[in-house]
Structure formats: C-alpha cells, structure tokens
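One structure below.
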Amino acid sequence: MSHAPYLQFSQIGKTFTRGAATTEVLKEVSLDIAKGEYISIIGHSGCGKSTLLNIVAGLTGATTGGVILDGREVNAPGPDRAVVFQNHSLLPWLTVYDNVRLAVDKVFSGKRSRAERDAWTLHNLELVQMTHAKDKRPAEISGGMKQRVGIARALAMEPKVLLLDEPFGALDALTRAHLQDSVMQIHATLGNTILMITHDVDEAVLLSDRIVMMTNGPSARIGEVLDVNLVRPRKRLDLVSNATYLKAREAVLKFLHERHRFVEAA
Amino acid sequence: MSVTALKEPPQTARRASAQVVRLAPARSSLSARFRAAGRWAAVNIIPPLVVTVLLLVLWEMLCASPTATLPSPSRIWAESKDLIVDPFFVAGPQDIGLGLRVMVSLQRVAVGFGLAAIVGVLLGAVIGQSVWAMRGLDPIFQMLRTVPPLAWLPLALAAFRDSNPSAIFVIFITAIWPVIINTAVGIRNIPQDYRNVAQVLRLNPLEFFWKIMLPSAAPYIFTGLRIGVGLSWLAIVAAEMLTGGVGIGFFIWDAWNSSRLPDIIVALVYIGVVGFVLDRLVAGISAIVTRGTASA
C-alpha cells in the first residue's frame, strides 16, 4: 500500500535479566505490517510471542530495536494499541456496559458529548452482539461472552492496531468458531489492522492475511512468513476442502512439527 | 358434528387443568412462606432465646444467696430498672440514660474511626503500591499495632492537653493498623490484568485509585475496617474510664466507684449490643459495596 509500513518491528530484541542469569527471549525480530492487514503470530509456547505482543502494546520495553506505529515510536501503553487479553480482563465490579464505557470515556472525554459516548458504547456492544447483556456483570455471563465484551472494549478505543493475545484460547471449540466468525466480520467491516497471537493452526490460516511463524526460544526469531492467499469473505465450511487452505495449513504444521519441533525447555 | 364434538372436550379440560394449576401454587406458596418464616425463626431466634433463658436461670441460682458478691438478674432488674426501661431519660447533667451515653461514645468512635479509615486506606494504598514504602514502614507498623490502646493515652493527654481529643486519638491509633495492613495487602493483590487494562487506557494515578484500586481492594479494605471498628469500640470504653466525661466507659467507672454493680452489668449489655450492631453494620455495607468483586 503506502511506502512506509503502517506498523513496523525493527530489530526487536528482548533479554530478561534475573540476578546473574540473562535469558535472550527474542532476537532481531523485524516485520512490516500494512494498514488493514490481519497478521497471526504462531509458535510453540515459550517462544516469546506473548512477549512480542507486550512489546507492541508497550507493556514491556524492548531491550534492543523498537516498534514504529504510523510514523511514531511506541514506548508506552496506549489506547491506539488496544489489547484483547486472553483472560478477558474485564473489571468484575462494573457491568458489561460500564466496562466498555470506561474505555470510551477515557479515550473520548472532551472530544465527544455524553450522549455520543453512550451511543458509541452501545454501538460497539452491538458489533459483538452483546447489547442484550449490557447490564450484567462479568460473573453473570459465559466465557465467550466475556471475550466478546473484551473485543468490544478494545474496538471502542478506535485503535490503530488491535492486539489479540490468544483471544480464544480459553474457550471451547464451538464458542471459539463463533467468535472467529465475529472477528472476521468485524475485520471485513471496519478494516482494522490486527495482530493476533495464537497456537491454533486452523485459526491462524482461517483468519490471517499472513502468518508469522516463530522459531523456538531462547533467542526466538521469525522463522518464516506465510502469505495466505484466500479470498475474503472466507467461509469455514468451504475451506475444508480448499487446496490453498490445506496447503497453507500443511506449511504451518510442517514448520511447527517438523523443522521446529517443540523441545522441552532445558 | 364430529369436529365440534372433538373440539369441546379439550377446551374444558384445558380450562379445568388451568384452574387447578392456578390454585395449587397460590395455596402452597402462602403456606410455604409461613413455613419458611417459621423455619427461619426456629433456626435463628429460638436457640439463642432458649440459651439466654437457661443462662439467666443458672445465674439467678448461683447469685441467689445473700452472701453472693455479684448481683443476680432479679436484683439487677429491681435496682437498675430505670436504666433498662428508658435508655434516653435526662434527669440532670450527669444523670442521663445509657442510650444517650452510648451516643456520646459513638460520636467519639465515629470521628476517630472515620479518620482512621481515611488515613488508613490512603497510607495502605501507598504501602501497597511502593515496594520501598513497604520495606520501610511495614516493620514499624507491625510493631506499633501490638501496642495496647491505653498505652497511647498518657502521650495523647500530654500532646492534646484535653480528654476528648485524647480519647479520639486512642480510637484512631487503635483502629488504623488493621485498615493500613489490610488495604496494603489488597492493593498488592490487584491482578496484573487490571493494571494492564489501566495502562492501556492510560488512567492517571487518581483515576487508577478510584476506578481500579478501591473497587479491587474493597473486600480487603472492608475486612480491615471491620476489625478496626471492633477494636475502636473496645478502646473507647477503656479510654473513657480514664478520661471521664459522659460516655458509657466513664459510666462503668463511676458506677464501680459508687458500688452500683447492677448498673455495670446493664452497661455491659449495652456495650455488647452496640458492638455487635457496629460489626453487622460494617459487614452489611461491605456486602453491598463489594457485590461485584466478591462474586468474581
């Protein structure tokens, strides 16, 4: 698209130091992401993919290199990089509506009127089909619903990039499929730039434009980047026998289980 | 013909069954409600009532002899009837009902405990947030909290040169430790997820305090407040014995000096009941405030 990438990882390295021991988690991770792209990062557990997401979110600092989003360096967390956490992270003392409203109020205070913020909150709940439960507390809704609200909260911040940290990992297979469809639909409607961490091969192939495969840690790098040339909108059932889908799936599986098989951490 | 013949019986049948269904639950729900109320009373009221009566009878028997050092229930009723029957009489500046005396003591507790709650939560928040404040202050607090309330009184009297602020200070210094310590623990236990959310939203420290810290730590804070209010009530009675005034504590001391033992026993009952009510009150507020957090 444009010449400068929208989101750029430039030589990201991360070392954790505990006492005398230092562990290099990430090494020279570089990637250019265009606006509106859906990128999945896949790898075995412990390969530093969550660390990478935290660095993009600004929750952890990179030891070397850095992240540039829309021409500006990322060095602190902010609502332009909204995160959907794996365990939903809704505030249990607030209702579904208030959880989203908190984000809306914080991001748009002074820019939009009270009525506009109310409408925007409801609009985002509508996007994830959660309007019916807006007055319930997180403890009263199911895990899938909580994750929907988490997504609504992130979307409501109008982020430049949406960061999904294994968003469907804790859900059962059927709920996960529903949510994947919702995310695909939202991506199609709003054209967000999305960065998703996952360990589910099917999920990665189904949702992504490109799949970033990480080698095993320590010193994890980007092993391979796979383009998924499937037309959108994608239909789960049609893809079951789609040759491109199967090939992409095979490529990821081979990467993960043949060339970079998971070895127990030493 | 056959169609209407078929049509009619189901209609009547439906109506009849509907009537039965409508009547049956109404009758059962009313009697069930009575039965539930009866069961509640049986479980919650009758056992303590029976035990109280038994204890009173035992007490009466033990203190029935004329040589008994402590008054029996019947003697208390005879000699302190005015205190039991009317808690709010005013017969002179120093001769007022126990209800009024309790109010005076409660006022002191309200001020002292209120200050302890505010200062305790703020200090606890600082200690919970900062590792260095924790390391520096925690040992000192752990030591100071074991100092008995009355040990502070001479210092307070020397500093304030007046009995009322001294009594309030004793309440404050007694109630503040559990509030500080529990708040600090509550703040330290705020899940990292909530902190991440706050960071992504860029909440400023004040917003973080009101929107994340307080609600998240509320169950801990209220545990501290509940312990604190109990300790305040313990301390006020002791402090008033020494500082004088019209509080319930001084009443006991005064009654002892004029050998009115029955009055002391009535005052003890008052203190017990008020302490119980205070505890229930804080527990009740806690249950309302922490509705969301507790269930999560």
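Scope of the values below: all heavy atoms of this structure, side chains included, with no hydrogens, waters or symmetry mates. Just so you know, these numbers come straight off a predicted model, no measurement behind them. Chain letters run A, B, ... following the sequence lines, proteins first and then strands; every chain starts at 1.
- Environment of CD in A:E126: sparse, with no more than 12 heavy atoms of neighbouring residues, nucleotides or ligands closer than 6.0 Å.
- Separating the CG atom in B:L201 from the CG atom in A:D105 is a distance of 10.5 Å, to the nearest 0.5 Å.
- Residue A:E140 places its CD atom among more than 12 non-hydrogen atoms of other residues, nucleotides or ligands, all under 6.0 Å distant.
- Both the backbone and the side chain of A:R81 come within contact range of chain B, judged by heavy atoms closer than 4.5 Å.
- In this structure, CG on A:L59 lies 8.0 Å from CD on B:Q192, to the nearest 0.5 angstrom.
- Using a 4.5 Å cut-off between heavy atoms, A:P79 touches chain B through backbone and side chain atoms alike.
- Note that CH2 of A:W93 is 5.5 Å distant from OH of B:Y194, once rounded to the nearest 0.5 Å.
- Dense packing is recorded around CE of A:M184, with more than 12 heavy atoms of other residues, nucleotides or ligands lying under 6.0 Å away.
- Heavy atoms from other residues, nucleotides or ligands lying under 6.0 Å from NZ of A:K160 number more than 12.
- Contact count versus chain B (heavy atoms, under 4.5 Å) is highest, among A:N87, A:N54, A:V107, A:L90, for A:N87.
- Within 6.0 Å of CZ on A:F16 lie more than 12 heavy atoms contributed by other residues, nucleotides or ligands.
- Looking only at side-chain heavy atoms (C-beta outward), A:M157 and B:V200 come within less than 4.5 Å of each other.
- Between the side chain of B:R202 and the main chain of A:P77, a donor-acceptor pair closer than 3.5 Å is present.
- For B:R135, the CZ atom sits in a packed shell: over 12 heavy atoms of surrounding residues, nucleotides or ligands are nearer than 6.0 Å.
- Within the model, atoms CD of A:Q86 and CG of B:D193 stand 10.0 Å from one another, a figure rounded to the nearest 0.5 Å.
- Taking both residues in full, the closest heavy atoms of B:V197 and A:S89 are given as CG2-O, 3.5 Å, listed atom of the first, atom of the second, then distance.
- In this structure, the portions of A:A103 lying under 4.5 Å from any heavy atom of chain B include both its backbone and its side chain.
- Under the 4.5 Å side-chain criterion, counting only non-hydrogen atoms from C-beta, A:V83 is not in contact with B:N196.
- Other residues, nucleotides and ligands contribute only 12 or fewer heavy atoms inside 6.0 Å of the NE2 atom of A:H178.
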